[in-house]
Amino acid sequence: MIKIVYCMRRKVGLSPQEFLSHWEQVHAPIVLANLDVLHLARYVRTQPVAHAFSQRVERRGLMQSPYDGIAELAWRTEEDMRAGFESPEALAVQRLLARDESLFVDHVGSCRWVASETIEI
């Protein structure tokens with residue numbers, strides 16, 4: 001499996017809830033409606049939660065603040081990933097997703113990369 005890991009920070013001026021709401025109610029439905037066009041095998045959204053251990057884990061003041069969300073997009077094969085970026089239909093969806101991202105994601109404060117996954121247990 002090959003995937004993209006996208007660690008996102010919210011756009012300046014958005015509250016954490018506004019960011020998550022847009023992601024859940026606007027952006028994710030675009031991805032989910034186009035799983036076949038994008039040739040995706042898996043789409044995972046991860047967001048921080050308030051927890052009793054949050055302060056200890058986050059080490060505020062010693063580490064960067066947590067990302068507002070992490071998206072993982074996974075393809076079964078390299079060919080599927082290529083089709084998800086290069087077919088005319090996929091390119092149209094990719095443009096739509098990029099326009100929508102500009103409404104809620106701070107691209108300068110975010111990062112993403114292509115990755116492989118190793119499951120140890």
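Grouping the Ile, Leu, Val, Met, Phe, Trp and Tyr side chains by contacts below 4.5 angstrom, directly or via other members, places L14 with M8. The hydrophobic cluster containing M1 does not contain I70, counting ILVMFWY residues as joined when their side-chain heavy atoms lie under 4.5 angstrom apart, directly or transitively. Put simply, F19 and L103 are part of two different groups of oily side chains (I, L, V, M, F, W, Y) that touch within less than 4.5 Å, one to the next. Linking Ile, Leu, Val, Met, Phe, Trp and Tyr whenever their side-chain heavy atoms come within less than 4.5 Å leaves V26 and Y43 in two separate clusters. A continuous path of Ile, Leu, Val, Met, Phe, Trp and Tyr side chains, each step under 4.5 Å between heavy atoms, connects L35 with L73, placing both in one hydrophobic cluster.
Applying the side-chain hydrogen bond (donor to acceptor under 3.5 Å, both in side chains) rule to H39 yields no partners; only residues at least two apart in sequence or on another chain are considered. In this structure, Y67 has no ring pair (Phe, Tyr, Trp, His ring centres under 6.0 Å) partners at least two apart in sequence or on a different chain.
Remark: E86 CD to M81 CE distance equals 10.0 Å, nearest 0.5 Å.
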Distance-only donor-acceptor hits, side chain of residues 94-101, under 3.5 Å, sequence neighbours excluded:
residue, atom, partner, partner atom, Å
Q94, NE2, G84, O, 3.0
D100, OD1, H22, NE2, 2.7
D100, OD2, H22, NE2, 3.2
D100, OD2, H27, ND1, 2.7
E101, OE1, Y6, OH, 3.1
E101, OE1, H107, NE2, 3.1

Please list, one pair per line, the donor and acceptor atoms closer than 3.5 Å that link side chains of residues 112-121 to other protein atoms, with sequence neighbours excluded.
residue, atom, partner, partner atom, Å
E117, OE1, R42, NH2, 3.4
E117, OE2, K3, NZ, 2.7
E117, OE2, R42, NH2, 3.0

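Grouped with V44 in a hydrophobic cluster is no other residue, since no side-chain heavy-atom contact under 4.5 Å to another Ile, Leu, Val, Met, Phe, Trp or Tyr is found.
The list of ring-ring contact (aromatic ring centres under 6.0 Å, His included) pairs with a residue in residues 77-102, not counting sequence neighbours, reads W75-F85.
Contact detail for E18 and G13: the closest heavy-atom pair is OE1-O, 3.8 Å. Here the closest non-hydrogen pair linking D68 and R9 is OD2-CA, 3.3 Å. Between P48 and G69, the closest heavy-atom pair is CD-N, 4.4 Å. The two residues A90 and A83 have their closest heavy-atom pair at CB-O, 3.4 Å.
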